[in-house]
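See structure below.
Only a predicted model underlies this, so the values are computations on that prediction, with no experimental measurement involved. To find a chain, count down the sequence lines: A is the first, B the second, and so on, and within it residues start at 1.
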Amino acid sequence: GAGVSQSPRYKVAKRGQDVALRCDPISGHVSLFWYQQALGQGPEFLTYFQNEAQLDKSGLPSDRFFAERPEGSVSTLKIQRTQQEDSAVYLCASSVSGINSYEQYFGPGTRLTVT
Amino acid sequence: GQQVMQIPQYQHVQEGEDFTTYCNSSTTLSNIQWYKQRPGGHPVFLIQLVKSGEVKKQKRLTFQFGEAKKNSSLHITATQTTDVGTYFCAGRSMNYGGATNKLIFGTGTLLAVQP
């Protein structure tokens with residue numbers, strides 16, 4: 001496909017469960033970003049990869065959150081021991097270059113509900 | 001930390017009326033981007049402004065970047081029902097080594113257009 005894809009689109013987890021969210025960026029895009037968007041809020045930065053290197057993880061809210069992009073393409077955001085406050089839409093975005101001035105292409109998001 | 005605020009939070013207009021949303025950053029920005037998010041959708045890139053005082057137009061949309069590079073605005077002339085959605089500004093702050101690759105999204109302005 002031509003765009004950023006994410007799976008699953010919806011995930012319901014019981015509190016305490018681990019979840020893994022997948023992002024397939026646009027082929028060839030160097031940069032990959034994860035955001036968390038709560039209802040009625042703007043996306044909040046979580047972490048950033050340039051190829052396989054995680055250059056910024058300052059937005060990860062706790063050590064329960066972990067992201068990887070081992071081969072510089074597909075990325076996975078893992079949340080361990082989910083809590084109710086983790087309920088949100090998790091957006092992935094990619095951009096063509098590592099240079100800071102490029103637009104970001106967003107995927108459709110994964111809506112996580114923790115019960 | 002850096003904060004980006006937008007006003008108003010919500011605007012309801014009659015079709016054909018004009019609309020403006022304002023974006024203010026607590027820190028100087030290297031550049032600013034604007035995104036539109038339709039209800040239930042994901043953010044879609046509209047434009048990027050880089051230079052102090054820059055003004056760009058896209059058909060009925062006019063974007064401005066303030067002289068101090070701490071504020072921006074989006075003005076829509078003669079709104080249409082297709083303009084419905086949430087408009088986010090997103091800024092990159094300056095740091096010691098130059099601009100970062102982290103986008104800080106504003107709080108967003110939800111535009112409703114009544115036909």
Open item on the list: Working to the nearest 0.5 angstrom, can you tell me the gap between B/Gln48 CD and A/Tyr102 OH?
Closed with: 10.0 Å
Open item on the list: Quick check on the structure: residues of residues 11-24 of chain A within a heavy-atom distance below 4.5 Å of chain B, by number.
Closed with: none
For [X], does the [atom1] atom have more than 12 heavy-atom neighbours from other residues, nucleotides or ligands under 6.0 Å away?
| X | atom1 | answer |
| --- | --- | --- |
| B/Tyr22 | OH | no |
| B/Tyr10 | OH | yes |
| B/Gln9 | CD | no |
| B/Lys36 | NZ | yes |
| A/Glu85 | CD | yes |
| A/Tyr105 | OH | no |

Task: Choice from B/Gly108, B/Ala90, B/Pro43 maximising heavy atom contacts with chain A below 4.5 Å - done: B/Pro43
Would a hydrophobic clustering, with Ile, Leu, Val, Met, Phe, Trp and Tyr connected at side-chain separations under 4.5 Å, put [X] with [Y]?
| X | Y | value |
| --- | --- | --- |
| B/Ile76 | B/Phe88 | no |
| B/Phe45 | A/Val89 | yes |
| B/Leu111 | B/Trp34 | yes |
| A/Leu55 | A/Trp34 | no |

Between [X] and chain B, with a heavy-atom cut-off of 4.5 Å, which part of the residue counts as in contact: side chain, backbone, both or neither?
| X | answer |
| --- | --- |
| A/Glu44 | neither |
| A/Gln41 | backbone |
| A/Ser58 | side chain |

Task: Engaged part of B/Gln37 at the chain A interface, taking heavy atoms whose separation is under 4.5 Å - done: side chain
Task: Distance-only side-chain donor-acceptor flag, A/Gln104 / B/Gln33, under 3.5 Å - done: no
TODO: Search all heavy atoms of A/Phe106 against all heavy atoms of B/His42 and return the closest pair with its distance.
DONE: O-CD2, 3.3 Å
Open item on the list: Using the rule side chain to side chain contact (heavy atoms under 4.5 Å, CB included), only one of A/Tyr35, A/Phe33, A/Tyr48 pairs with B/Leu103; which is it?
Closed with: A/Tyr35
